[in-house]
Amino acid sequence: MMSAEITDLVSQASPYVTAALTAYGSAVLTRAENAAADATANLGRRILQAIWHRRPEPEQAKLEEAVQEAAEEINNEDATAALRQQIKRALRDDVDLRNEFAQLLPPQAPGTVTITASGERAIAGHAITTAITGDIHRPVP
């Protein structure tokens, strides 16, 4: 799987992971599902636990540390980025985990594409390989 695809998976999972950290704190890796926590937090908990259970022991410790720091400082972008990096590393190293991870995430809704054309005779398009305007390029005097 390409790095961009892994980054996309991690981006999709981020709101769930953040909700799990908020609901469970650093105990997210060992806690059972909590009926009081919402579905988003429980999915984030399942995502983190799936990663943690499939990692070798030294990598589990690194993930635990990243989870602990992100849970203690939920608004700290550096701590969150360190946790995302641990998740990316786990996904990059384990194809089976990537498949399990992708199956845990809800199907992604089709995205909205915004295209803006600005300026005289400007053109815009989505997924165009060649666009010909009919204008002849002339050097500006």
Seminar exercise, completed: Between Ala41 and Ala19, the two heavy atoms sitting closest are CB-O, 3.6 Å
Exercise. In Å and rounded to the nearest 0.5 Å, what is the CG to CD1 distance from Leu29 to Ile51?
Worked result: 9.5 Å
For this session: Any chance you could measure Glu73, atom CD, to Gln68, atom CD, to the nearest 0.5 Å?
Result: 10.5 Å
Seminar exercise, completed: dist Arg89:CZ -> Arg55:CZ (nearest 0.5 Å) comes out at 8.5 Å
For this session: Look up atom CD1 in Ile6 and atom CZ in Arg84, then write down how far apart they are to the nearest 0.5 Å.
Result: 14.5 Å
Seminar exercise, completed: What one should report as the nearest heavy-atom pair of Ala50 and Glu100 is CB-OE2, 3.4 Å
Exercise. Can you tell me how far the CD atom of Gln103 sits from the CZ atom of Arg98, to the nearest 0.5 Å?
Worked result: 13.0 Å
Exercise. Can you name the nearest heavy-atom pair linking Arg54 to Leu97, along with the distance?
Worked result: CD-CD1, 3.5 Å
Exercise. Looking at Pro106 and Tyr16, what are the two nearest heavy atoms and their distance?
Worked result: CG-OH, 3.1 Å
Exercise. With a 4.5 Å heavy-atom cut-off, do Trp52 and Val67 have their side chains touching?
Worked result: no
Exercise. Closest approach of Leu63 and Leu48, non-hydrogen atoms and distance?
Worked result: CD2-O, 4.3 Å
Problem set entry | Sub-4.5 Å side-chain heavy-atom contact between Ile47 and Ile87 | no
For this session: Heavy atoms only: give me the nearest Ala71-Leu21 pair and the separation to one decimal.
Result: CB-CD2, 4.1 Å
Problem set entry | Rounded distance (nearest 0.5 Å) linking atom OG1 of Thr22 with atom CG of Asn75 | 8.0 Å
Exercise. Taking the side chain as C-beta and beyond, is there a heavy-atom pair between Val17 and Val28 under 4.5 Å?
Worked result: no
Problem set entry | SB check Lys62 Glu59 (cutoff 4.0 Å) | yes
